[in-house]
There are 2 protein chains.
Amino acid sequence: MDSGVKKPGVTSSQVADHAGVSQSAVSRTFTPGASISPKTRQKVLASAKVLGYRPNAIARSLITNRSRIIAVVMAYLENLFYPDVLEELGRALAAENYHLLLFTGFMDRDSDPVFDQLMQYRVDGIILASTSLSSELSEECATAGIPVVLFNRTTERDAVSSVTTRNKEGGKRIADFLVAGGHKSFGYIAGLENSSTNRDRQQGYVEGLAAAGFADVVIETGNYSRLDAEAAARTMLSRKDRPEAIFVANDHMAVAVMDVARHEFGIRIPEDLSIVGYDDVGPARWTSYGITTMSQPLKRMVESTVDILMDQIASGEIEAEHRILNGDLIVRSSARLPQTGLIERDGQTIYRPREA
Amino acid sequence: MDSGVKKPGVTSSQVADHAGVSQSAVSRTFTPGASISPKTRQKVLASAKVLGYRPNAIARSLITNRSRIIAVVMAYLENLFYPDVLEELGRALAAENYHLLLFTGFMDRDSDPVFDQLMQYRVDGIILASTSLSSELSEECATAGIPVVLFNRTTERDAVSSVTTRNKEGGKRIADFLVAGGHKSFGYIAGLENSSTNRDRQQGYVEGLAAAGFADVVIETGNYSRLDAEAAARTMLSRKDRPEAIFVANDHMAVAVMDVARHEFGIRIPEDLSIVGYDDVGPARWTSYGITTMSQPLKRMVESTVDILMDQIASGEIEAEHRILNGDLIVRSSARLPQTGLIERDGQTIYRPREA
DNA sequence: TACAAATTTGCATACGTATGCACAATGCCA
DNA sequence: TGGCATTGTGCATACGTATGCAAATTTGTA
């Protein structure tokens with residue numbers, strides 16, 4: 001209140017003096033598993049309380065070579081999927097007594113500054129999500145000996161761990177669903193073209209359609225951005241041979257596409273046009289949209305991510321691990337329904353064709 | 001790749017040896033403004049590059065007593081307003097060479113663990129946003145001599161800095177707008193009852209309506225949560241004397257209210273019911289909603305927040321500063337329009353009654 | 001009670017960097 | 001060229017904690 005100067009901050013030595021023990025004793029009191037008698041421990045805790053002492057995590061990190069900080073790199077949070085991920089990560093990391101250093105709001109171009117910061121803080125691990133600089137960054141970090149997990153993304157070289165869902169199978173499932181729904185012409189609104197999720201979803205979708213005899217798929221690119229998705233939708237919906245069904249590479253864009261279709265083109269969904277998305281993010285559940293979508297098991301993805309990191313940190317072994325989880329095709333009202341394959345579970349309708 | 005063991009990490013001494021200078025010289029090379037000749041500086045930089053050296057921020061913090069870390073506490077990210085804030089904060093802090101330690105995903109109850117972590121990491125400043133544990137936490141932090149800024153919130157004791165918008169005036173502006181629109185009965189769907197934003201918006205709204213001769217306002221509570229807002233909307237819309245106009249304390253809830261009104265009650269907006277929100281968050285701009293809403297100047301709020309922190313950190317003076325910014329009533333399609341007071345600016349329609 | 005085993009304690013040192021101080025090197029001006 | 005002001009450099013130390021080691025204490029057992 002009164003003092004303008006920097007608070008000195010009470011140290012373990014001060015607590016030691018006050019309690020009449022050595023600095024070591026204080027340290028051991030706050031180090032789980034250290035050898036300390038209950039008696040002195042109580043003395044120390046009492047003095048610590050009086051003086052308002054808290055261990056200095058910075059100094060501790062210097063000695064232990066562990067910062068207990070995990071860096072999370074997310075280029076943008078526009079897509080609600082990522083705030084959800086962030087919140088869940090916060091929970092999961094806190095449970096393991098780790099902290100979350102967030103890197104966001106920077107342009108994708110300049111990866112080096114970010115990498116520099118990461119290295120300077122000696123973070124114990126790195127989670128890369130929703131960023132296109134994965135490849136370069138992950139390489140560098142791996143070289144530096146820091147555990148890295150790609151979240152919802154992979155790279156060609158699989159030297160770095162990743163957690164994903166079966167995007168290719170998801171794309172195929174959507175193709176099957178739309179074909180079963182009786183659609184005859186198909187479109188795809190793509191995400192970032194160099195992202196693994198987009199590549200896999202598109203491949204599964206296109207292959208699935210081809211297998212059913214539909215070789216032509218109209219494709220536009222939305223770059224996982226709302227604005228680009230709107231533009232892509234306008235282009236696609238202006239065509240004379242406008243497709244009857246469109247798979248949009250994620251829900252974030254699907255919302256934009258539905259808005260454009262309904263309010264700019266007066267198209268009825270699903271009567272005139274079927275839309276399927278990916279992620280099962282918040283707005284997909286809102287009644288205005290009710291998007292039929294492939295879900296991604298957020299909690300399990302986060303769990304796996306933290307698992308991998310904790311393993312690698314504990315063992316010191318950095319060997320790449322790839323966890324691939326399953327999603328479900330959640331059926332709502334944005335696409336025409338097939339006659340078969342719909343089952344009820346947990347109050348939701350999901351699509352599970354017989355063959356699967 | 002090969003080594004499973006912990007990377008040793010190259011130190012300034014190693015660089016010094018390699019470059020044939022003292023450790024001090026290396027330190028000075030990486031300390032802006034330090035006394036170092038261009039010649040040795042180049043030598044050091046060369047060696048640093050060869051060895052892959054990066055200053056250890058942990059060790060540096062220990063010496064300088066500055067972590068260059070700002071803690072951001074956000075209880076939940078469900079409301080898109082806060083991810084937007086987060087992204088902007090990331091940008092602004094990075095520009096000042098600060099980093100963002102995020103605390104989120106915890107239950108509001110247990111404030112102490114969070115506080116402990118904050119203190120242990122010796123963060124240079126704290127930003128409290130969207131959390132109800134502001135009061136307790138901010139007190140403790142202030143006592144500890146750490147700069148704190150409440151973002152979009154205030155407390156009774158104004159010992160701690162804050163950045164807000166004129167919520168009370170905003171509420172009043174909305175009342176004026178709805179009255180000018182010819183509405184005769186009014187509702188309010190509240191946010192968290194103990195939050196300052198909710199209190200102020202409600203007060204301004206109710207007082208504004210009273211001044212126009214409307215003493216009765218139907219009030220339900222949505223707690224800034226989507227689920228609660230849906231329930232509140234159902235209750236309010238089920239009344240025989242259902243209000244013609246509803247001010248919903250933020251856009252996040254307004255979206256839910258519109259969904260319920262349209263799809264569960266078949267109510268047309270704005271023909272049968274006018275809705276006004278607050279924040280001007282993403283979905284408010286989506287054509288499915290087009291919410292008329294009081295905007296909060298996100299960028300300027302973030303700028304101010306970072307400004308205050310930087311000032312207090314630089315000066316060491318922690319004297320509370322309160323920045324109060326202006327928003328605008330952005331007019332879209334969710335509420336009936338008044339005859340006068342609408343003006344065009346930057347391609348948007350805003351409401352500015354003559355008197356103001 | 002005595003002695004060995006087990007537990008607790010303090011001492012000293014290390015972690016990687018920044019910085020005050022004294023000294024060396026360089027630049028400047030006449 | 002000499003002397004002085006200026007700039008650059010190295011030495012030593014400090015930041016707050018963890019931990020190996022040896023000494024001191026407690027505990028258990030016969």
Side-chain angles (χ1 to χ4, degrees), chain A residues 5-45 47-48 51-69 116 119-124 144, chain B residues 5-45 47-48 51-69 116 119-124 144:
Chain A
V5 293
K6 190 83 181 172
K7 266 290 168 66
V10 37
T11 76
S12 58
S13 304
Q14 294 175 24
V15 176
D17 287 352
H18 185 275
V21 297
S22 72
Q23 181 265 328
S24 316
V26 178
S27 170
R28 286 192 248 264
T29 297
F30 289 92
T31 305
S35 171
I36 186 90
S37 77
K39 197 166 41 180
T40 53
R41 185 187 157 78
Q42 286 313 318
K43 273 199 298 186
V44 170
L45 286 178
S47 296
L51 301 181
Y53 168 78
R54 293 168 208 277
N56 185 328
I58 301 286
R60 184 196 298 244
S61 298
L62 188 57
I63 254 300
T64 59
N65 215 13
R66 291 266 143 95
S67 61
R68 299 202 79 82
I69 291 179
D116 254 37
M119 297 303 297
Q120 294 195 8
Y121 274 95
R122 302 297 197 264
V123 297
D124 289 343
Chain B
V5 293
K6 190 84 182 171
K7 266 293 166 62
V10 38
T11 76
S12 58
S13 305
Q14 295 176 23
V15 176
D17 287 353
H18 185 273
V21 297
S22 72
Q23 181 266 328
S24 316
V26 179
S27 170
R28 285 191 248 265
T29 298
F30 289 93
T31 304
S35 174
I36 186 89
S37 78
K39 197 167 41 178
T40 53
R41 184 186 157 78
Q42 287 312 319
K43 272 199 298 186
V44 170
L45 286 178
S47 296
L51 301 182
Y53 168 78
R54 295 169 205 275
N56 184 328
I58 301 286
R60 183 194 299 241
S61 297
L62 188 56
I63 259 292
T64 59
N65 214 16
R66 291 265 144 96
S67 61
R68 298 203 82 82
I69 291 179
D116 254 37
M119 297 303 298
Q120 294 195 7
Y121 274 95
R122 301 296 197 266
V123 297
D124 289 345

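From a predicted model like this one, the values you see are computed outputs, not experimental measurements. The chains referred to below are lettered A, B, ... by the order of the sequence lines, with proteins before strands, and numbering in each begins at 1.
The distance between atom NZ of A:Lys43 and atom C1' of C:dT9, rounded to the nearest whole Å, is 11 Å. Protein atom CD of B:Gln120 is 10 Å distant from nucleotide atom P of D:dT17, rounded to whole Å. In this structure, CZ of A:Arg41 is placed 20 Å from C1' of D:dT25, rounded to the nearest angstrom. Rounded to whole angstrom, the span from the CZ atom of B:Arg66 across to the P atom of C:dT19 amounts to 11 Å. Per the geometry, CD1 belonging to B:Ile58 stands 11 Å off C1' belonging to C:dG16, to the nearest Å. In this structure, A:Phe30 places its CZ atom 15 Å from P of D:dT19, rounding to the nearest Å. Atoms CG (A:Asn65) and P (C:dG16) sit 7 Å apart, rounded to a whole Å. Computed from coordinates, the A:Lys39 NZ to D:dT27 P distance equals 7 Å when rounded to whole Å.
The phosphate of C:dC15 has neither OP1 nor OP2 within less than 4.0 Å of any side-chain N or O from A:Thr64. Close to C:dT9, at under 4.0 Å from its OP1 or OP2, lies no side-chain N or O of A:Ser22. Between A:Tyr121 and the phosphate of C:dG16, there is no side-chain N or O to OP1/OP2 separation shorter than 4.0 Å. Contact between the side-chain N/O atoms of A:Thr11 and the OP1/OP2 oxygens of D:dG16 is not found at any separation under 4.0 Å. Side-chain nitrogen and oxygen atoms of A:Ser12 include at least one within less than 4.0 Å of the OP1 or OP2 phosphate oxygen of D:dT17. For the OP1/OP2 pair of C:dT9 and a distance below 4.0 Å, the side-chain nitrogens and oxygens of A:Ser37 include at least one atom meeting the criterion.
For A:Gln23, whose side chain is taken as the heavy atoms from C-beta onward, the closest listed nucleotide among D:dT19, C:dC15, C:dA18 is D:dT19.
You'll find a donor-acceptor pair under 3.5 Å spanning the side chain of A:Ser24 and the base of D:dT19, going by distance alone. With hydrogens and angles left out, the side chain of B:Arg28 and the base of D:dG10 share a donor-acceptor pair within 3.5 Å.
Nearest heavy atoms, B:Ala59 versus A:Leu62: CB-CD1, 3.7 Å.
Looking at heavy atoms from C-beta onward, A:Pro55 lies in side-chain contact with A:Tyr53 at the 4.5 angstrom threshold. A:Asn56 is not listed as a side-chain neighbour of A:Thr11, based on a closest heavy-atom distance of 4.5 Å or more.
Atom CD1 of residue A:Ile36 and atom OG of residue A:Ser24 lie 9.0 Å apart, to the nearest 0.5 angstrom.
When atom types are taken as modelled, the side chain of B:Ser67 and the backbone of B:Arg122 share a donor-acceptor pair closer than 3.5 angstrom.
Each of A:Thr40 and B:Leu62 lies near DNA chain C, and the nucleotide nearest A:Thr40 is the one positioned closer to the 5' end. Comparing A:Ser27 and B:Ser35 along DNA chain D, the residue whose closest nucleotide (by nearest heavy atom) sits nearer the 5' end is B:Ser35.
When heavy atoms are screened at a 4.0 angstrom cut-off, A:Val21 is found touching the sugar-phosphate backbone but no base atom.
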